[in-house]
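Below is one structure, written out as structure tokens; comments come after it.
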Amino acid sequence: MQIPCLACESRFWPDDYFRACSDYNRGLDLVSWTCPSCGNRDDLRVLPGELGFGYPCRGRFDVHARVRVPGLRRQRGDLRLDISLDTACWRVPSRIRPLSSAAAGSARRLHRAL
């Protein structure tokens with residue numbers, strides 16, 4: 001089974017598709033994917049048996065389109081998402097997001113006040 005890019009309609013074998021996943025946002029439970037063919041970036045949610053495409057909206061991820069991938073499974077880790085299909089497995093790491101300078105400054109001021 002091949003999985004399509006929704007922008008350019010290129011189709012990819014699962015290994016090529018999931019190796020193009022770059023970041024897992026655990027808070028919104030979404031994966032960032034960049035098409036190897038056209039460079040389009042999509043956010044998607046890995047669901048049992050399907051991929052859900054959509055957009056972050058009001059602090060959550062709304063799925064608007066679904067692509068069935070029979071046998072697709074997922075396992076959330078603390079700092080990663082493990083995606084498996086048949087005997088293959090791909091690990092998508094979470095990117096550690098640094099505190100913004102404003103937030104870091106606030107935390108230091110709060111600490112001194114205590």
Grouping I, L, V, M, F, W and Y whenever their side-chain heavy atoms are under 4.5 Å apart, do Trp13 and Val46 come out in a common cluster? no
When you compare the side chain of Leu30 with that of Leu44, does any pair of heavy atoms fall below 4.5 Å? no
Using 4.0 Å as the upper bound for N to carboxylate O, is an ion pair formed by Asp29 and Arg74? yes
Rounded distance [0.5 Å steps], CG in Asn40 versus OG1 in Thr34: 8.0 Å
Testing the basics here: between Leu72 and Leu47, what is the closest heavy-atom pair and its distance to 0.1 Å? CD2-O, 3.8 Å
For the student: nearest non-hydrogen atoms of Pro4 and Val67, plus distance: CD-CG1, 4.0 Å
Student check: side-chain heavy atoms of Ile3 and Leu51 closer than 4.5 Å: yes
Is it true that a side-chain atom of Asp86 and a backbone atom of Ala88 form a donor plus acceptor pair closer than 3.5 Å? no
Can you tell me how far apart CD (Glu9) and OG (Ser37) are? Round to the nearest 0.5 Å. 11.5 Å
With a 4.5 Å limit on heavy-atom distance, are the side chains of His64 and Tyr55 in contact? yes
List the atom of Val92, the atom of Ser22, and the distance in Å for their closest heavy-atom pair. CG1-C, 4.3 Å
Just wondering, do Cys38 and Cys5 contact through their side chains at under 4.5 Å, heavy atoms? yes
Are Phe12 and Leu85 grouped together when hydrophobic residues (ILVMFWY) are joined by side-chain heavy atoms under 4.5 angstrom apart? yes
Is there a side-chain contact between Arg73 and Pro48 (heavy atoms, below 4.5 Å)? no
Approximate separation, where rounding is to 0.5 Å, of Glu50 CD and Arg68 CZ: 6.5 Å
Can a donor-acceptor pair be found, under 3.5 Å and without considering hydrogens, that links the side chain of Arg26 to the backbone of Leu81? no
Kindly give the heavy-atom pair with the smallest separation between Leu28 and Gly59, and that separation in Å. CD2-O, 3.3 Å
Assess whether a salt bridge exists between Asp82 and Arg80, defined as any Lys/Arg side-chain N lying under 4.0 Å from an Asp/Glu carboxylate O. yes
According to a 4.5 Å side-chain heavy-atom criterion applied to Ile, Leu, Val, Met, Phe, Trp and Tyr, with indirect links allowed, do Val69 and Phe53 form part of one hydrophobic cluster? yes
Correct closest heavy-atom pair for Asp43 and Phe61 would be O-CZ, 3.5 Å
Given Tyr24, Trp90, Tyr17, the one that forms ring-ring contact (aromatic ring centres under 6.0 Å, His included) with Trp33: Tyr17
For the CD atom on Gln2, are there more than 12 heavy atoms of other groups (residues, nucleotides or ligands in this structure) within a distance under 6.0 Å? yes
Any side-chain donor-acceptor pair under 3.5 Å between Ser32 and Arg41? yes
